Number of protein chains: 2
Amino acid sequence: MADKHVYFFSGDLAEGSKELRNLLGGKGSNLAEMAVIGIPVPPGFTITTEACVYFYRNKKYPQGMKKQVEEALAKLEKVMGRGFGDKANPLLVSVRSGARVSMPGMMDTVLNIGLNDETVGGLADSMDNPRAAWDSYRRFVQMYGDVVMDLRPESKEETDPFEAIIEEMKAEKGVEQDIDLTTEDLKELVRRFKGMIKERLGLDFPDNPSDQLWGAIDAVFSSWDNPRAIAYRQLNYIPDDWGTAVNVQAMVFGNTGEESGTGVAFTRDPATGENSFFGEYLIDAQGEDVVAGIRNPHPISDLEKEMPKIYKELDGIRHKLEEHYKDVQDVEFTFEHGKLWMLQTRAGKRTGLAAIKIAVDMVEEGLISKEQALMRLEPDQLNQLLRPIFDQEAKRKAVKEGRVVAHGLNAGPGAASGRVCFFPEEAEERAGEGEPVILVRMETSPEDIRGMSVAEGILTSRGGMTSHAALVARQMGIVCVAGCDELNIDYQERTITVNDTVIKDRDFISLDGSTGEVILGELPTQPSDVIRVLIEKDMKPEDSPTYQLFDKIMSWSDEYRRLGVFTNADQPDQSYVARMLGAEGIGLCRTEHMFFEGDRIDAVREMILADSPSGREQALAKILPMQREDFVGIFRVMEGLPVTIRTLDPPLHEFLPDDEHEIVDLAKKMGVSNEELKFKVESLAETNPMLGHRGCRLGVVYPQITAMQARAILEAACAVSKEGKEVKPEIMIPLVGIAKELELQAEVVRDVAEKVFEEQGVRLEYKIGTMIELPRAALVADQIAEVAEFFSFGTNDLTQTAFGFSRDDAGKFLAYYTSKGILRRDPFQTIDFDGVGQLMEICVQKGRGKRKDIKLGICGEHGGDPDSVKFCHRLGLDYVSCSPYRVPIARLAAAQAVLEEREQKKEEERKKEKK
Amino acid sequence: MADKHVYFFSGDLAEGSKELRNLLGGKGSNLAEMAVIGIPVPPGFTITTEACVYFYRNKKYPQGMKKQVEEALAKLEKVMGRGFGDKANPLLVSVRSGARVSMPGMMDTVLNIGLNDETVGGLADSMDNPRAAWDSYRRFVQMYGDVVMDLRPESKEETDPFEAIIEEMKAEKGVEQDIDLTTEDLKELVRRFKGMIKERLGLDFPDNPSDQLWGAIDAVFSSWDNPRAIAYRQLNYIPDDWGTAVNVQAMVFGNTGEESGTGVAFTRDPATGENSFFGEYLIDAQGEDVVAGIRNPHPISDLEKEMPKIYKELDGIRHKLEEHYKDVQDVEFTFEHGKLWMLQTRAGKRTGLAAIKIAVDMVEEGLISKEQALMRLEPDQLNQLLRPIFDQEAKRKAVKEGRVVAHGLNAGPGAASGRVCFFPEEAEERAGEGEPVILVRMETSPEDIRGMSVAEGILTSRGGMTSHAALVARQMGIVCVAGCDELNIDYQERTITVNDTVIKDRDFISLDGSTGEVILGELPTQPSDVIRVLIEKDMKPEDSPTYQLFDKIMSWSDEYRRLGVFTNADQPDQSYVARMLGAEGIGLCRTEHMFFEGDRIDAVREMILADSPSGREQALAKILPMQREDFVGIFRVMEGLPVTIRTLDPPLHEFLPDDEHEIVDLAKKMGVSNEELKFKVESLAETNPMLGHRGCRLGVVYPQITAMQARAILEAACAVSKEGKEVKPEIMIPLVGIAKELELQAEVVRDVAEKVFEEQGVRLEYKIGTMIELPRAALVADQIAEVAEFFSFGTNDLTQTAFGFSRDDAGKFLAYYTSKGILRRDPFQTIDFDGVGQLMEICVQKGRGKRKDIKLGICGEHGGDPDSVKFCHRLGLDYVSCSPYRVPIARLAAAQAVLEEREQKKEEERKKEKK
């Protein structure tokens, strides 16, 4: 017997349920679920994702699928009391994609399947509205021609050929709006559409409903691999082999007059998280009209007044869904002649702020547990609570000066300033060059996704709060002002005209995504509430609900997490910010930054150019007091917490000029000849500086440098200790690959320490450890652990050496690699578990095997990446260290790691019990 | 009770034996062994290496050692019937170092201990030769002052201060030779020596024999860590923590007149391996005189005539020792008033040729087994049979022209041409810059060892066949002409004067180490016998005894080895050489070399500069036929054997000019503007090219390149196959780090293969595999093995990435690292077993775990390093691949690997049985 490929749903009976999400896709499983819990959904059936995968692998349908679809269709005809292709009483269906996870707008949909010159009459009769029937037919031919028959503009310049015909017709008839076209006009449009299809493609438009249905099913299957779907999957780490389900559903019509309509809604406000019904609808329209942002819809609150019965029913469903799903739902609905149908429900995308507010509220409402609340958040969403807003003074000034030129919808909160850019591809390019870009579009579409993701802000002139631009921006945490219809955007001329103002390509503008304001020029930004409460201390906690949410999430996270969260900070002010955001120590303090400050670079250069150890020591003696002062500041801020300081890491040539003029200047300053200096610069140059004379290799060959740094650190530690503050210095030797390197460097440090303690009359605890940033270091970690009291994974360099990728050079092919799925993720962003992660695992085993209580951490940039943090938890590290503003993110990710682990254990136990 | 630190030996009784080598050192254990087998050795005792190690660690003697030495000394007095410090009948002793393995001349020796103003009289009486007694006293003070009291020249310019006093005395007395100084003169010398010591060091010379003894013991212990000993250990991979034993032995005197003498000898000729007694002696001299090369000694054959009784006894001992030790022995002997004493025996250092001849002869004599013969050879010694000799025509011409200006001893066979250099430090420097250097010295000493090791040849004006220069040169396989006393070497002026000819610093000279000739100018060299028989084929095997030895060792090696030996060759001629030397396939054929030939580079550049895939394909089409021809030649030569061809590896910028002028030229040629070309060159430049866009990353982004190369390879394979020759192409994708990379490249190759086979009407077996040269590749070898049919370790790059060392840049600190013992060996020479080796092991396990029959090899330069070959055997690889001339070396090393493994198994079984 063939496998089951088709699942039917109707009334409160359904073969599927929300548990079958992987098989039926999000949309399909939720339609089944809604049917089960008694929410009105138009009946239909779902073809499984497995059938799609089979279709991809074998270029044909799996055995039995065709028959099962036919049977389900027959059942649907019976339930609906209509016939597919029946002239008098035609059944129309929609065909929609639906993957495991929502990929909004990425794949294809075809509505009104089953219409032809004969059935349209039956539809007109059953609707009692010939115009609506012909409008549906017109839409169907247009959509089918586009999606299934692939009739698209032939060049970038050409507008949509169907739209062109409509415009032509409107011009002929002298009308402005689609709605002003008569039934006869629509009939003519259908004729012209079909003619154009025949002319352009040499194909007849299929009149047979069955052919139409299979064409649409094929098109949905195929849309899984269209370029925008692929791009979306890459951005969201969705595997290519999941496939999409296909939902075939009886059509209901929102376009049958004033008693009909369609809308989308969120059960709570997705921008702020407020527990209020939020959505938009259009009367006498089909679903696509709302999402596409072509007509500006009404807020859902209007519905309460205009159609109180429908509104009440909808509001009831809203609560029922939230209670059932324990989460905010994003729904689509249609009402046809006053009868409400739910077309879709799914977890609603929301801003970081909303996500947090909803999670906290739901815990307080008793709807979900703290654990569920934490697990539901994306740690990166916290970013949005930390991001700056406009400087209020400057904003006020801009308002006074009349620089607020337009108001749109506050679709993506936050503040952004940047230069106008009209084209997504160009935005990508310019952002790549470091330009802050504001992407300005009439409306956005899924193919724009890459350009959107790199923009500081997005501004559209069309569409509502649930338009494509708004959804994507909120999800990505990008500032967005949408539907700003005062703007007149001219792509050709590259201008925005608003009243008398003309904004040109590359002009600076600013967007306030929280108010919807569009402001001329660049505006300085100011810290968010959280930052003001914690860092600036110019706001009281009780005055900021946002801060309170933040605080709640953080304290819940800290209840669960096992991992310590440290920070990478080189200066007292950075250290302070990090500590206020919850850092429990400094995991990486780079000392080389200190070498560049002010006049220090002169002494550093003198040291490098010295010919003898004694010359070197003289120059180092000049640097010593300055370094000491840096450390004093940091130790004070980090009182009582460990401070891990890395000795000099970059190759010496980084401190020398390479430009002709600078060399001449420096030579004069140093009192050496140009030739001599140039020779020195050249002799220090390296073919592969990443693999050259740097890290501890410097300290090994020039122990004086390490000695000076150790002295500066320990003298500072003694000084702060004498102030009565507890100091916990940890000295970290970089780029160790051979145990002996660390041994020699540790000797230097210990010798200095003894001297300093004697001189200062203070004795302090301190640790000596190393970074693990070379494959060999991980492999011989047992040897290194003989000396090292701690390891800190330098996953940036470890990734470079494990892959043989130079971060400086890999850009070219790495982008290609992720775009082609050769690498699923950029290994510089998230730890490569298979390779780099394996090295880390070997290292942890060997290191702990030799020294049971060795302290293990990570200070590569991965330390602030949630998935990498979770990996570090699973590895059993003691802490992660990340940049100050990522500390809260790491705290939450660390808590999630614990909860995920528990969940997995439970899962395993369940499995065991089953056996 | 204290441990035993002192081992006594005397007559045919000894507490030690040759089995205690690690504890007693080579010299000590062999003295004991000789005593046991009834060979006359002066009695004495050995302080253990463990005592030395303890002394180093604790800066004091181990408990009980002092007492045990005193007891042994008492026993020695009793055996000798003399008293240490006894005025009438004084016992004198020598104190010599002796490590586990011979480190000739590296550590210190003190003779004649026990002499003072009182005992010298007793010695004179017992010798019946006052002059000899005072000569011994004078030597003692001089040696003790130098070695123990550390009185050395104060600057490089100063000559030895003791020698200066002797010269002064000779001048005062108007004599030429030391021997012409009278007893009274010698007394005065002793006085002056002591005076100078007092003056320079402020110390009295110790008169107490016990103080003298302990001073000498300390000095020998300390000499383990003198700079030349450290340098020697590094060159020979001797661990620093072995320590040296100290041998205290009753003195016998070769300097008591015409009936006395001293000498050194080899039981066979160490230069040629001939089974004839070989050695030198001096009448009326002490041992150091022969080795130091200060007086030119007589050949041992003269002894047969002059002192037949001594000679006969010595010859008897020669045979007894060879039979006992089953190896050539290098002995020191002294005869005192006609009584023969053996002072030392050890395995004799020999040239590669001699080592091979001796090993083969001893097998044929039934003295040792084939296995023993193979194990006794250093694979690198084979090098000497392969190295070129002078072009015979050019040599004859040089002879005719009178350019042979001097004859010395043929101390190190082979032919060398190079530029004269007088100072070892300078030789190191100049050789480092690529200059061929002939090191010219009056005599060499152990501190010259680094300069010697980098020279093409060594020429000395003093010393014999067993002088320091000769010993070291033979061991290292360096050409050497020694004791060429016609040469007048002036270090100051940097000239060699020989008759009327003046040779200046940096002039070219040539040395024939097989004949001892010194020739003016540069001489072309010609292939060795082995090369002439196998490659040039202008010599019959039966005409060359050398070839026959080579052939025997090779065929024995092949009997035992399991590892295949492949070669790295890019051209037909190289492939031919390798095949003749025994290569069983090509393990690495680099294709990029082919890209540089002739006009090809133009097409390659055109390809790089192409803006579109089609432009790229056009340029590639030009390269295709040329590449195909290269492969045709190689496939023909390698008929029936696998040929592994690597696709393009270097980054594209390596093919572009970087020089301004060249860019202008190229721009003209390519018909693009200078700016455009410069932009392209700059855009391709990389910060770390080693980690950049190279290897398969090129082929992945530009699949057209791989497709062209695959086509060239497979078309060539089809063509040669049509000639009736068997071809076995294996296509190797470089720098894979991600399984998907290989997957994509394999797809490209397979697509091309199908097309080519169809076009050509031929179907061939071929393999697709990858290099493992990135840590990640080794770690995810299971994933890669899903596609790869073979792995070849690219240990050069694997070492670079595992260590994070750029080979181009690491020179600076790597030399420091090996000199300081941070790394015991250069990891680019011998595989780093701990780190890189561990990666290889992981890779082998994972690769075979996924694909049981995966073929595993190595094609990094380590494939020709004997220790690395053995490591590869232990890892279970299928083959090693090395440069053509190293193929024989790898064959022997592979055989040794099997024998070592067997030996180890036996050892383990023995241990088991013991339990």
Side-chain angles (χ1 to χ4, degrees), chain A residues 651 683-695 697-698 700-701 735 737-741 743-744 773-780 782-783 797-814 816-817 820-824 827 832 834-839 842, chain B residues 651 683-695 697-698 700-701 735 737-741 743-744 773-780 782-783 797-814 816-817 820-824 827 832 834-839 842:
Chain A
S683 74
L684 284 173
E686 296 183 308
T687 313
N688 294 291
M690 160 72 205
L691 307 177
H693 196 186
R694 53 175 283 247
R697 299 162 195 172
L698 288 172
V700 167
V701 175
L735 213 72
I738 308 164
K740 186 90 184 173
E741 291 174 320
E743 211 179 301
L744 291 172
E773 45 189 339
L774 295 171
R776 192 179 191 277
L779 294 164
V780 301
D782 45 347
Q783 296 170 16
D797 277 9
L798 195 59
T799 301
Q800 294 197 78
T801 45
F803 275 93
F805 284 169
S806 156
R807 216 174 163 173
D808 294 323
D809 303 310
K812 295 169 214 166
F813 58 87
L814 217 53
Y816 184 90
Y817 270 33
K820 294 286 170 187
I822 296 168
L823 280 171
R824 186 148 286 285
D832 158 51
D834 284 1
V836 175
Q838 198 181 141
L839 281 173
I842 291 170
Chain B
S683 74
L684 283 173
E686 295 183 308
T687 313
N688 295 291
M690 161 70 205
L691 306 177
H693 196 187
R694 52 174 286 246
R697 298 162 196 171
L698 288 173
V700 167
V701 176
L735 213 69
I738 307 163
K740 186 91 180 174
E741 291 174 320
E743 210 178 301
L744 292 172
E773 45 189 339
L774 295 171
R776 191 178 191 279
L779 294 164
V780 301
D782 45 347
Q783 295 170 14
D797 277 9
L798 194 59
T799 301
Q800 296 197 75
T801 46
F803 274 93
F805 284 169
S806 156
R807 218 174 161 172
D808 295 323
D809 304 310
K812 294 169 216 166
F813 59 88
L814 217 52
Y816 183 90
Y817 271 33
K820 295 284 171 192
I822 296 168
L823 280 170
R824 186 148 286 285
D832 158 52
D834 284 1
V836 176
Q838 197 180 143
L839 280 175
I842 290 171

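This one's a predicted model, so the numbers in the text were calculated from it and none came from an experiment. A, B, ... follow the sequence lines: proteins, then strands. Residue 1 opens every chain.
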Between B:Glu741, B:Lys740, B:Arg697, which is the residue that forms a side chain to side chain donor-acceptor pair (under 3.5 Å) with A:Tyr817?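 Exactly one option meets the side chain to side chain donor-acceptor pair (under 3.5 Å) with A:Tyr817, and it is B:Glu741.
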Rounded at 0.5 Å granularity, tell me how far NE2 in A:His693 sits from CZ in B:Phe813. 6.5 Å
Need one label for [X]: side chain, backbone, both or neither, based on atoms under 4.5 Å from any heavy atom in chain B.
X: A:Leu684; result: backbone
X: A:Thr799; result: neither
X: A:Ala685; result: backbone

Counting heavy-atom pairs closer than 4.5 Å to chain A, which one of [options] comes out on top?
options: B:Val780, B:Leu698, B:Ile738; value: B:Ile738
options: B:Leu839, B:Leu814, B:Asp797, B:Val836; value: B:Leu839
options: B:Thr801, B:Thr687, B:Leu774; value: B:Thr687
options: B:Gly804, B:Gly835, B:Gly695; value: B:Gly804

Are [X] and [Y] side-chain neighbours, meaning at least one heavy-atom pair lies under 4.5 Å?
X: A:Asp834; Y: B:Gln783; value: yes
X: B:Leu691; Y: A:Asp809; value: no
X: B:Val700; Y: A:Tyr816; value: yes

Please flag which part of B:Leu735 lies under 4.5 Å from any non-hydrogen atom of chain A: side chain, backbone, both or neither. neither
Which bit of B:Ala739 comes within less than 4.5 Å of chain A, counting heavy atoms only: side chain, backbone, both or neither? neither
B:Gln838 side chain to A:Leu779 backbone, donor-acceptor under 3.5 Å: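 The answer is yes, because a donor-acceptor pair under 3.5 Å joins these two groups.
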Donor-acceptor pair, side chain of B:Asn688 and main chain of A:Met690, under 3.5 angstrom: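 Yes, B:Asn688 side chain to A:Met690 backbone: donor-acceptor pair under 3.5 Å.
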Over all atoms of both residues, closest heavy-atom pair of B:Ile842 and A:Ile842: CD1-CD1, 3.8 Å
